[in-house]
Amino acid sequence: CGVSACNSFHFYRLGKLYEMFEKTIQAERAYEESYRINSLNFRALYKIAVNSLNRKYYDISRKELEDTLDLLQISTRNLTTISDTVRKLPSLELEYVCKCYVLLAEVEDKEEHIDYQYYNSCKKVIDLILEIIEKDENEFIKNMYADYPKYRQYLKSRLSMNAIKEKVKI
């Protein structure tokens, strides 16, 4: 394929395949290539951040997770802006915002000197997102799936904290 986004997606999927067969080095390289090809691929950058976290490179992981949130147009500094943006995100992006904040809290928890203000702000955002999902206040999901209440219910369960924790393997 001659389209960089297409090639990036193929490398991302290749990384997922390598992960299934526990070929971690190959998976990491595939995610890095995916992101190199398309620096807007938030899924690849998220996987790179997870790899940094697994290697205990906490500062690097935090930066990569914050960069992932930037790609999703989420400001890590302003709760009001986050609330407004989260209400408009498609379900896949909403899932990644949740996963990023769960891991940011995890990264902070592993630091030698915990910044409790940062840690608590991550927890607040997680609670905010879960509340928006639970109250069915995400406009994109409500409009996109207005005629599919069962699918909206499925999305709620997919974006529940238990499901997110399972996905990030906490």
Side-chain angles (χ1 to χ4, degrees), residues 5 8-9 11-13 15-16 19 24 27-28 30-111 113-135 137-141 144 154-170:
S8 176
F9 181 74
F11 275 101
Y12 172 79
R13 294 302 303 165
K16 296 284 284 179
E19 270 187 5
T24 1
E28 288 176 14
Y31 294 133
E32 288 167 3
E33 183 64 11
S34 174
Y35 185 66
R36 187 194 66 74
I37 292 170
N38 178 10
S39 61
L40 297 176
N41 188 334
F42 64 89
R43 295 166 84 183
L45 182 55
Y46 170 81
K47 285 298 201 173
I48 292 167
V50 169
N51 290 333
S52 295
L53 177 60
N54 289 338
R55 291 178 178 221
K56 298 183 169 77
Y57 300 147
Y58 301 126
D59 289 341
I60 294 170
S61 180
R62 177 193 294 201
K63 171 82 170 89
E64 292 163 342
L65 289 165
E66 288 176 346
D67 288 349
T68 302
L69 290 169
D70 283 344
L71 287 176
L72 296 169
Q73 299 181 0
I74 297 289
S75 163
T76 56
R77 307 286 179 240
N78 187 332
L79 200 57
T80 305
T81 307
I82 293 170
S83 175
D84 292 343
T85 306
V86 162
R87 292 176 200 284
K88 300 172 189 164
L89 288 176
S91 56
L92 179 67
E93 293 178 12
L94 190 57
E95 177 183 327
Y96 275 85
V97 170
C98 285
K99 293 192 305 191
C100 283
Y101 273 103
V102 167
L103 288 182
L104 281 169
E106 183 74 10
V107 165
E108 193 56 43
D109 193 40
K110 297 205 182 281
E111 291 286 351
H113 302 288
I114 296 176
D115 178 346
Y116 287 103
Q117 185 176 358
Y118 187 85
Y119 179 81
N120 289 333
S121 72
C122 289
K123 293 291 192 181
K124 275 185 186 174
V125 171
I126 293 166
D127 291 342
L128 172 75
I129 293 169
L130 294 175
E131 181 181 330
I132 288 169
I133 293 165
E134 190 56 42
K135 290 183 176 179
E137 293 177 347
N138 178 289
E139 293 303 317
F140 181 90
I141 293 172
M144 184 73 173
Y154 162 75
L155 286 175
K156 278 185 187 178
S157 67
R158 181 181 166 96
L159 295 171
S160 73
M161 185 48 69
N162 289 337
I164 296 295
K165 283 183 177 180
E166 177 62 30
K167 285 177 180 261
V168 297
K169 308 276 193 262
I170 292 180

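Among residues two or more places apart in sequence or in another chain, the ring pair (Phe, Tyr, Trp, His ring centres under 6.0 Å) test is passed with Tyr154 by Tyr151. Among residues two or more places apart in sequence or in another chain, the side chain to side chain donor-acceptor pair (under 3.5 Å) test is passed with Ser39 by none. Under the side chain to side chain donor-acceptor pair (under 3.5 Å) criterion, Asp67 pairs with Lys63, sequence neighbours left out.
Taking CG from Leu103 and CD from Glu106, the interatomic distance works out to 7.0 Å, rounded to the nearest 0.5 Å. How far CG of Leu65 is from CG of Leu104: 4.5 Å, rounded to the nearest 0.5 Å. Taking NZ of Lys110 as the start and OH of Tyr58 as the end, the distance is 5.0 Å to the nearest 0.5 Å. With rounding to the nearest 0.5 angstrom, the CD1 atom of Ile48 is 7.5 Å from the OG atom of Ser34. Taking NZ of Lys124 as the start and OG of Ser83 as the end, the distance is 13.0 Å to the nearest 0.5 Å. Rounded to the nearest 0.5 Å, atoms CG (Leu128) and CD (Glu137) are 9.0 Å apart.
Heavy atoms of other residues, nucleotides or ligands lying less than 6.0 angstrom from CD of Gln73 number 12 at most.
With salt bridges taken as basic N to acidic carboxylate O contacts below 4.0 Å, one links Glu28 and Arg55. Using a cutoff of 4.0 Å between basic side-chain nitrogens and carboxylate oxygens, Glu139 and Arg87 are not scored as salt-bridged. For the pair Glu32 and Arg36, the salt-bridge criterion is not met [side-chain N within less than 4.0 Å of a carboxylate O].
Just one of Leu69, Leu71, Val97 meets the side-chain contact (heavy atoms from CB on, under 4.5 Å) condition when paired with Phe42; it is Leu71.
Taking the six-membered ring for Trp and the full ring otherwise, Tyr12 and Tyr31 have centroids separated by under 6.0 Å.
At a threshold of 4.5 Å between non-hydrogen side-chain atoms, the residues Val107 and Tyr119 do not count as touching. Within the 4.5 Å cutoff, no side-chain heavy atoms of Leu89 are placed close to those of Phe140. Between Ile132 and Leu94 there is no side-chain heavy-atom pair separated by less than 4.5 Å.
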